[in-house]
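Sequence lines set the chain letters: A, B, ... in the order given, protein chains first and strands last, and positions in each chain run from 1. Note that the structure is a prediction, hence the values are computed from the model and not measured.
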Amino acid sequence: MNLFSEIEALVRDSLKALQARGALPEQLSLDRVGVEPPRDASHGDMATNAAMVLAKPAGLNPRDVAALLVEELLKSDAIETAEIAGPGFVNLRLAPALWLGLLPTILEQGTGFGDQTGAGKLNIEYVSANPTGPMHVGHARGAVFGDALARLLEKTGHEVLREYYINDAGSQVDVLARSALLRMRETLGEDIGSIPEGLYPGDYLIPVGQELAKNHPDLGSQDEATQVQVAKSVALPMMMERIREDLAALGVAHDFFLSEQSLHADGSVDKSLDVLDTKGLIYKGVLEPPKGKTPPPDWEPQEQTLFRSSDFGDDSDRALKKSDGSWTYFAPDIACHFNKVTRGYTQMIDVWGADHIGYIKRMQSAVTAISEGEASLEVKVCNLVKLMRGGEPVKMSKRSGSFITLREVVDEVGKDAVRFMMLTRKNDAPLDFDFDVVKDKSRDNPVFYVQYAHARICSVLRNARQAGFSEADVTDANLASQNLDPLKDPAEFALIRNLANYPRMLASAAEAREPHRVAFYLMELAADFHALWNLGKERLELRFLQDDDRAGNLARLALLRAAATVLASGLDVIGVTPEDEMR
RNA sequence: GGCCCCGUAGCUCAACUGGAUAGAGCGCGAGACUUCUAAUCUUGAGGUUGCAGGUUCAAGUCCUGCCGGGGUCACCA
C-alpha cells in the first residue's frame, strides 16, 4: 500500500460519504478521480482532480464540489490542510506523521519496497540476434532494454519468461557454415586469400575453422551438402555460446531458447499454417506492387502463398513462401509465436530493432488470427545507438568486419555504465553513447551521479559507526523504530516525498513498458539527496551527523537508509549494482 | 506515394498516458568555495511546445490537415 493510494482511497470515501448524505448524486462514477503530486511543491503534498471530473456529471460547478470535498476531507486526521485552487483542484497537505511513517515502511520492506503482485504471466522475447557472429553495440540496447523491462515487470507482479528465438535455419546460417569451412581450409594450410564477398570476414570464425579441422579431418572430401551440414552443427553452438557469454557479461540471461530449426523439424511451421488455413486466412494470389513513385526495378507480378493480414489491420497481405517455394521468415515467426501461445502465454512482448518496424503489424495480425484474439503481442522498438568518443562518432565498418562488439564496450566501461546509459533515452529514440561521458567522474555522468549517491549514504553510515554508533544502532530494524520527529526541514521532506513516489513510478513505467523512467527517477532521487547534502555545507543543522544530537542523528540516518534502499531497489530494477564505495 | 517514429530553452533531453505558472543538465551572466567522502555549490536570464484548426472544465500530451527531419515499404534477415 503506498501513500498515494491511501489518500486516493480517503478521497473516494469522502465522496461516497457526500453521496450518502445526498450532497452529491448517487449515480456518479468515481473512475477518473485521481490523486497525484502537484507539479509545484508550493501547492501542497498532493492534489486531486475530483471536483473537476465530477462537476459536469453532478450538474454542479467545480468549485462547489471542491468545497464539499474539502469540508469532508478535513474530518480526517491524515489531512492537515485542504484548499481549493485553480480551476477546481483540491490541494492537500498531509499530516507530517504520514510522511514520516513511510520511512519505517521502507526500512522494513527493504528493496522489496514497491513490489506488486498478481499481474499475470507474460512472455518477453528480446535480443534474438542471429547466431552468425558476436553481438555488437546495437544488440546491447535491445538486450538492456528487454532485460530491464523484464525486471520491471517482475517487480510489478508479472510472472515473466525471458525468451530468445534463435534464427538457426535461414540462409544466413548457410553463409555462416561456408565461412567456417573456409576457415577450416585455412587452418589446414590452404592459402584462402581475402574472404570473398558474401561470406563473413570476422576473425571470430577462425576458432570454428580450427574446431572443424580438428574433429572432422575428412570433411573436405565429403559432398558439399554434408560439409555445410557438419559446419552448421559445429558453428551454431559455438556462436550461441559466445552470445550467451557476451550477454552474461552484460548481466543478461534468458530463461528459454527456442530454435527456429526445431520448429521446422517438428512440423510446427506446417501445423501453425494449417491452423490459419482452416480459418480461410491463407490463399494463393498476386500482390500489388508497393504503391509509390518508385516500384522496385525488378518487380514482377508473381503468384505467392499469402496470409490475409490485411483482415487484421495490416496494409497488405503478406507472403509466406518465396518464389522458389521455400518459407519466408514470416512463416516460422508465426510458428514461434504460436508456440508461445500453446505454452500458455497470452501476453507477449517482443523487442525489435528499429529496422523491423514495418514488420509489426503483420506479426500482430498473425498472433491475433492464430489465437482467435485470445493472445496479444506488443512490439517495443529500440532505435539506433551511435558511439561517440572525443566528440566524434566512432567509425564502424561492417564490411571489413571491424565493428565494435558489445564485449569491447563492456570491457572498457563496465556493465553498469552500459546498462544505465542505454536507459537514458526513450527506447524508440536514437541514442548517443559517449565514452567520455560514461567514464567521467562528475555529475555530468548520470551513472556516476546515481551510484555516488548510494555510496555517499553508505559512507555516512560508516562515519556514524566511527562516531560512536554501534552496529545494532544502525540496523534498519533499529532505525525503523526511532522517533522521526527531528526531521522537519522542507528539504528533508522533499526527499521523503520523492521516496513516496517510487511505487507509483514503477507502476506507470511498467504499464507504459518504459524502463527508462526508472533511470530518470533515480537521477532525480540522487539529485534530491545530493541537494540535501549540499545544504549541510551552509546550514550546520542539516548535517546528517552532529555532535550531541543522538536522537536527531538516528532520525536522519533512518531517512538516509530509506533513500539508499530505494536507490538500491531502483538500480536493481535496471540491473545496475549499487556500489557501497566509489573507487 | 503508403505506413511508423520524431519536432519542446542556444545544445542534449524530461514532463509520472489530459492537469495548475511546460521542467532538468550542459552552455551563457553574476556570486560563493580547504569540503560529515572528495570527484563543487548558489543564483539569474533564456519558451507562442514546427504551423493551423478541432475535442475538453483543462492539450506538449488526444483527433484532422499542412510544414520539416528520420526510418521502412513483394520475394530480404
Side-chain angles (χ1 to χ4, degrees), chain A residues 32 34 36-40 42-43 47 49 51-53 55-56 61-63 85-89 91 130 132 167 170-173 175 286-296 298-302 304 306 314-319 321-324 326 328-330 333 354-361 381 383-384 424-426 428-430 432 434 437 440-446 448-449 452 455-460 462-464 466-467 501 504-509 511-512 514 516-517 520-521 523-524 527 530-531 533-538 540 543-547 581-582:
Chain A
R32 295 179 56 215
E36 37 185 55
R39 198 179 291 241
D40 187 336
S42 69
H43 291 144
N49 60 356
M52 291 177 295
V53 173
K56 199 173 183 183
N61 116 19
R63 295 188 70 99
F89 282 101
N91 288 334
N130 287 336
T132 55
N167 288 120
S171 60
Q172 84 286 355
V173 182
V175 175
V286 179
L287 283 179
E288 296 286 312
K291 296 189 179 72
K293 285 199 165 182
T294 54
D298 55 344
W299 168 268
E300 300 169 15
Q302 218 153 23
Q304 294 172 303
L306 300 169
D314 199 0
D315 313 314
S316 162
D317 293 339
R318 303 293 177 177
K321 282 186 178 176
K322 299 183 209 169
S323 43
D324 68 0
S326 63
T328 64
Y329 251 69
F330 188 33
D333 280 350
D355 51 339
H356 289 71
I357 288 180
Y359 207 79
I360 295 176
K361 280 186 185 170
V381 161
N383 217 314
L384 302 174
T424 54
R425 203 105 311 167
K426 231 179 309 184
D428 56 1
D432 285 355
D434 192 326
V437 169
D440 190 24
K441 291 193 188 308
S442 81
R443 78 161 299 174
D444 299 342
N445 175 1
F448 173 80
Y449 194 61
Y452 182 38
R456 212 173 205 183
I457 292 173
C458 293
S459 165
V460 174
R462 283 191 293 271
N463 285 345
Q466 294 290 318
N501 240 331
R504 295 178 73 240
M505 181 281 299
L506 288 175
S508 61
E511 197 178 339
E514 290 185 349
H516 75 275
R517 292 193 198 183
F520 280 94
Y521 170 83
M523 290 189 263
E524 274 176 38
H530 287 303
W533 172 285
N534 288 321
L535 276 179
K537 289 182 183 176
E538 309 262 318
L540 298 183
R543 294 200 171 198
F544 302 130
L545 296 176
Q546 298 167 33
D547 294 340
E581 195 169 9
M582 302 302 280

Handout entry: Residue list, side-chain hydrogen bond (donor to acceptor under 3.5 Å, both in side chains) with A:Asn383, at least two apart or on another chain
Key = none
Give me the distances for all protein-to-nucleotides 61-63 of chain B N/O pairs that come in under 3.5 Å?
none

Exercise for the section: Under 4.0 Å between any heavy atoms, over every strand shown, what does A:Pro301 touch: base, sugar-phosphate, or nothing? Just pick one. Expected result: nothing
Exercise for the section: Check whether the aromatic ring of A:Phe89 stacks on the base of B:rA20, taking stacking as ring centres less than 5.5 Å apart and planes within 30° of each other. Expected result: yes
Handout entry: P-based separation of B:rG46 from B:rG65 [nearest Å]
Key = 37 Å
Exercise for the section: Determine: side-chain N/O of A:Tyr452 to OP1/OP2 of B:rA39, distance under 4.0 Å, yes or no. Expected result: yes
Problem - Counterpart residues, salt bridge (Lys or Arg N to Asp or Glu O under 4.0 Å), relative to A:Arg504 (two or more places apart) - result: none
Exercise for the section: With sequence neighbours left out, write down each residue that passes ring-ring contact (aromatic ring centres under 6.0 Å, His included) with A:Phe520, or none if nothing qualifies. Expected result: A:His516
Problem - Any A:Lys537 side-chain N or O less than 4.0 Å from OP1/OP2 of B:rC41 - result: no
Fill in the blank from the handout: Per-nucleotide protein contact along nucleotides 24-33 of chain B, 5' to 3', at a 4.0 Å heavy-atom cut-off (B base, S sugar-phosphate only, - neither), is -SS-------
Problem - All side-chain hydrogen bond (donor to acceptor under 3.5 Å, both in side chains) counterparts of A:Ser508, not counting sequence neighbours - result: none
Problem - Phosphate OP1/OP2 of B:rC13: any A:Lys426 side-chain N/O under 4.0 Å - result: no
Problem - B:rG69 versus B:rU48 - spacing of their P atoms, nearest Å - result: 22 Å
Completion exercise
Of B:rA20, B:rC16, B:rC41, the nucleotide closest to the side chain of A:Ala85 is B:rA20
Practice task
Check whether any side-chain nitrogen or oxygen of A:Ser442 sits under 4.0 Å from OP1 or OP2 of B:rU40, and answer yes or no.
Solution key: yes
Practice task
Give the nucleotide from the list B:rC3, B:rA39, B:rA20 with an atom nearest to the side chain of A:Lys361.
Solution key: B:rC3
Practice task
Not counting sequence neighbours, which residues clear salt bridge (Lys or Arg N to Asp or Glu O under 4.0 Å) with A:Lys361? List them please.
Solution key: A:Asp315
Practice task
Tell me whether the OP1 or OP2 atom of B:rC75 has a side-chain N or O from A:Arg318 closer than 4.0 Å.
Solution key: no
Exercise for the section: Taking ring-ring contact (aromatic ring centres under 6.0 Å, His included) as the test, write out the residues that go with A:His530, two or more places apart. Expected result: A:Tyr449, A:Tyr452
Exercise for the section: Fill in the dot-bracket string of RNA chain B, one character per base: . for unpaired, | for a pair to another strand, ( ) or [ ] for pairs within the strand, taking Watson-Crick or G-U pairs under 3.5 Å. Expected result: (((((((..((((.....[...)))).(((((.......))))).....(((((..]....))))))))))))....
Practice task
Name all residues meeting the ring-ring contact (aromatic ring centres under 6.0 Å, His included) criterion together with A:His43; count only those two or more places apart in sequence or in a different chain, and write none if there are none.
Solution key: none
Handout entry: For A:Asp434, salt bridge (Lys or Arg N to Asp or Glu O under 4.0 Å) partners two or more places apart
Key = none
Problem - With sequence neighbours excluded, residues passing ring-ring contact (aromatic ring centres under 6.0 Å, His included) with A:Tyr329 - result: none
